[in-house]
Amino acid sequence: GLERSKVMDIASYLTDVYGPRLTGSPNIKLAGEWAVKELQSWGIQNARLQTWGRFGRGWTSDHFSAHMTSPSVATLIGYPKAWTPGTNGLAKGEAVRARLDSAKDLDEWRGKLKGKFVLMMAPRPLAPHFTPQADRFTDDELEELARQPVRGGRANAPTPAGGNAGPAFARERTAFLLAEGILATVEPGRGDGGTVFVQSGGSRNATDPPTVPQVVLAPEHYNRIVRILEKKMPVTLEMDVRNSFHDADLNAFNVVADIPGTNKADELVMLGAHFDSWHTATGATDNAAGSAVMME
């Protein structure tokens with residue numbers, strides 16, 4: 001481990017070559033097949049892809065480009081949400097800031113959003129980073145942290161098409177946006193400094209109601225568009241979003257391999273890490289790091 005480590009080489013293959021690894025996508029299958037071959041080449045026994053059950057449709061982002069074309073030209077950093085449709089070619093239209101948080105809001109905007117890029121969320125305040133984003137804990141601080149109670153789970157993720165409405169109204173709003181014929185919803189991502197966190201906005205079940213194209217922008221770029229709109233100046237955008245759904249295999253798998261024991265062969269030790277990642281980057285810390293260490 002200290003003299004012949006392969007951990008960085010493993011991590012490079014999982015990220016540089018095979019990232020992203022969205023569950024159900026062709027890339028996670030390629031990454032899994034590569035991992036099996038690696039494990040086999042090390043002499044580890046019974047390396048295989050083991051199906052664990054139905055997951056649903058796969059999805060990939062095949063192409064994305066976004067620009068502001070007026071009042072000035074700017075390239076926009078952004079990504080589509082997973083399991084959402086594309087724009088069916090280059091889409092051009094005005095950006096509209098429209099709060100759609102209630103049925104009354106839907107009535108107010110009815111008939112006004114066709115051919116628009118709809119911004120439903122408020123701009124995200126961005127604080128300057130005057131202090132480091134990471135701190136090294138002392139031994140005493142680590143010991144104190146170890147005595148703390150476990151915190152609860154995360155807050156709920158944003159609903160499809162942005163906003164914080166409940167699921168029933170979110171479905172109503174999505175149906176409204178589809179009927180209006182909007183080009184896409186646009187929202188700011190978490191993170192800043194060019195880092196954009198993007199997850200899912202659509203369903204993995206092909207029989208569920210359709211949704212609209214959904215795009216997440218770097219908050220710096222989203223906020224700029226909102227500031228221009230607040231000056232009562234029109235903003236035009238163009239986006240080319242091409243996404244694919246994959247229905248050939250609706251199951252998902254684990255990468256499994258065995259190292260048989262000797263004097264305690266009837267006992268079992270399990271090492272594991274989650275292998276998939278989201279689609280907007282290479283999944284380095286989520287979770288190629290854990291997978292690479294586990295394989296090493």
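Model, not experiment: these values are computed from the prediction.
Between Leu30 and Tyr18, the closest side-chain pair of non-hydrogen atoms falls below 4.5 Å. Side-chain contact between Thr195 and Phe197 is present, with heavy atoms from C-beta onward closer than 4.5 Å. Proximity of Phe169 to Glu172: side-chain heavy atoms (C-beta onward) are separated by under 4.5 Å at one or more points. Residues Pro213 and Thr185 are not in side-chain contact: their nearest non-hydrogen atoms beyond the backbone lie 4.5 Å or more apart. Side-chain atoms of Ser65 and Met239, non-hydrogen and from C-beta on, never get closer than 4.5 Å to each other. Residues Glu94 and Val235 have side chains not in contact (no heavy-atom distance under 4.5 Å, counting atoms from C-beta outward). The closest side-chain heavy-atom distance from Leu217 to Ile77 is not below 4.5 Å. Residues Asn27 and Thr60 fail the side-chain proximity criterion, which asks for heavy atoms closer than 4.5 Å.
In the model, Thr84 has no side-chain atom that pairs as donor or acceptor with a side-chain atom of Thr211 under 3.5 Å. Remark: the Ser291 side chain and the Asn287 side chain contain no N/O donor-acceptor pair separated by less than 3.5 Å. Side chains of Thr236 and Ser70: a donor on one and an acceptor on the other come within 3.5 Å. Remark: the Asp62 side chain and the Ser244 side chain contain an N/O donor-acceptor pair separated by less than 3.5 Å. Checked by atom type, the side-chain pair Ser203/Asn205 shows no donor-acceptor distance below 3.5 Å.
Here Arg173 contributes atom CZ and Ser102 contributes atom OG; the two are 10.0 Å apart, rounded to the nearest 0.5 Å. For the atom pair Tyr13 OH and Lys6 NZ, the distance stands at 10.0 Å (nearest 0.5 Å). The CG atom of Leu113 lies 8.0 Å from the NZ atom of Lys116; values are rounded to the nearest 0.5 Å. One finds the CD atom of Glu141 at 11.5 Å from the CZ atom of Arg136 (value rounded to the nearest 0.5 Å). Interatomic distance, Lys92 NZ to His67 NE2, rounded to the nearest 0.5 Å: 11.5 Å. How far CD1 of Ile182 is from CG of Leu177: 4.5 Å, rounded to the nearest 0.5 Å.
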**Request:** Determine, stepwise, if the pair Glu180 / Lys114 fulfils side chain to side chain contact (heavy atoms under 4.5 Å, CB included).
**Result:** CA-CA 5 Å; Glu180 285 288 298; Lys114 183 177 177 61; 5.5 Å; no
**Request:** For the pair Trp83 and Asn243, evaluate side chain to side chain contact (heavy atoms under 4.5 Å, CB included) and give the outcome as yes or no after the intermediate values.
**Result:** CA-CA 8 Å; Trp83 289 285; Asn243 303 327; over 6 Å; no
**Message:** Let's go through Glu230 and Arg227 carefully: what are the C-alpha distance in whole Å and the side-chain angles of both, what is the deciding distance for salt bridge (charged side-chain N to carboxylate O under 4.0 Å, His left out) to 0.1 Å, and is it a yes or a no?
**Reply:** CA-CA 5 Å; Glu230 288 174 344; Arg227 289 194 298 268; over 6 Å; no
**Message:** Apply side chain to side chain contact (heavy atoms under 4.5 Å, CB included) to residues Leu90 and Glu238 and explain how you reach the verdict.
**Reply:** CA-CA 7 Å; Leu90 185 64; Glu238 63 176 33; 4.2 Å; yes
**Asked** Checking salt bridge (charged side-chain N to carboxylate O under 4.0 Å, His left out) for the pair Glu143/Arg147: CA distance, chi angles, key distance, verdict?
**Response** CA-CA 7 Å; Glu143 187 175 346; Arg147 290 195 290 265; 3.4 Å; yes
**Request:** Just do the side chain to side chain donor-acceptor pair (under 3.5 Å) check on Ser12 and Asp9 with the steps written out, would you?
**Result:** CA-CA 5 Å; Ser12 179; Asp9 194 44; 5.4 Å; no
**Request:** Report the C-alpha distance between Asp286 and Ser277 in whole Å, list the side-chain angles of each, state the deciding distance to 0.1 Å, and finish with yes or no for side chain to side chain donor-acceptor pair (under 3.5 Å).
**Result:** CA-CA 6 Å; Asp286 184 24; Ser277 74; over 6 Å; no
**Prompt:** Should Arg224 and Ser72 be marked as a side chain to side chain contact (heavy atoms under 4.5 Å, CB included) after you check the CA-CA gap, both sets of side-chain angles, and the distance that decides it?
**Reply:** CA-CA 11 Å; Arg224 179 184 178 187; Ser72 58; 3.1 Å; yes
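Cluster annotation: Val186 is connected to Met233 through the hydrophobic network of ILVMFWY side chains, with a link wherever side-chain heavy atoms come within less than 4.5 Å. Met120 and Val96 fall within the same hydrophobic cluster, where Ile, Leu, Val, Met, Phe, Trp and Tyr residues are linked whenever their side-chain heavy atoms come under 4.5 Å apart, directly or through other members. When hydrophobic clusters are built by joining Ile, Leu, Val, Met, Phe, Trp and Tyr residues whose side-chain heavy atoms come closer than 4.5 Å, directly or via intermediates, Phe245 is not grouped with Phe64. Cluster membership check: Leu22 does not share its hydrophobic cluster with Leu250, using side-chain heavy-atom separations under 4.5 Å among Ile, Leu, Val, Met, Phe, Trp and Tyr. In the hydrophobic cluster analysis, where Ile, Leu, Val, Met, Phe, Trp and Tyr join through side-chain heavy atoms closer than 4.5 angstrom, Val73 is grouped apart from Met68.
Within the structure, side chain to side chain donor-acceptor pair (under 3.5 Å) contacts touching residues 47-58 (residues at least two apart or in different chains) are Arg57-Asp247. Note on residues 250-272: pairs passing side chain to side chain donor-acceptor pair (under 3.5 Å), not counting sequence neighbours, are Asn46-Asp258. For residues 265-296, the pairs satisfying ring pair (Phe, Tyr, Trp, His ring centres under 6.0 Å) are Trp59-His279, with sequence neighbours left out.
Of all non-hydrogen atoms in Thr87 and Ala91, the two that sit nearest each other are CB-CB, 4.1 Å. Between Thr69 and Leu237, the shortest heavy-atom contact is OG1-N, 4.2 Å. Contact record, Leu126 with Gly191: CD2-O, 4.4 Å, taken as the closest heavy-atom pair. Across every non-hydrogen atom of His246 and Gly24, the tightest pair is CB-O, 4.4 Å. When all heavy atoms of Thr15 and Ala288 are compared, the pair lying nearest together is CG2-CB, 3.5 Å. Scanning both residues, Thr23 and Phe55, for their nearest heavy atoms gives O-CE2, 3.4 Å.
In this structure, the side chain of Arg21 does not engage the main chain of Ala31 through any donor-acceptor pair within 3.5 Å. At least one donor-acceptor pair closer than 3.5 Å links the side chain of Tyr222 to the backbone N or O of Met121. In this structure, the side chain of Asn223 engages the main chain of Arg124 through a donor-acceptor pair within 3.5 Å. A distance-only check finds a donor-acceptor pair linking the side chain of Thr174 to the backbone of Ala170 [under 3.5 Å]. In this structure a side-chain-to-backbone donor-acceptor pair under 3.5 Å is missing from Arg190 to Val196. In this structure a side-chain-to-backbone donor-acceptor pair under 3.5 Å is missing from Lys104 to Leu100.
Checking each of Leu39, Ile44, Leu271 against Ile259 for a side-chain contact (heavy atoms from CB on, under 4.5 Å) leaves exactly one that passes, namely Ile44.
With Phe176 as the aromatic partner, Arg110 does not meet the cation-pi criteria of under 6.0 angstrom to the ring centre and within 45 degrees of the ring axis.
Within 6.0 Å of CZ in Arg4 there are 12 or fewer heavy atoms belonging to other residues, nucleotides or ligands.
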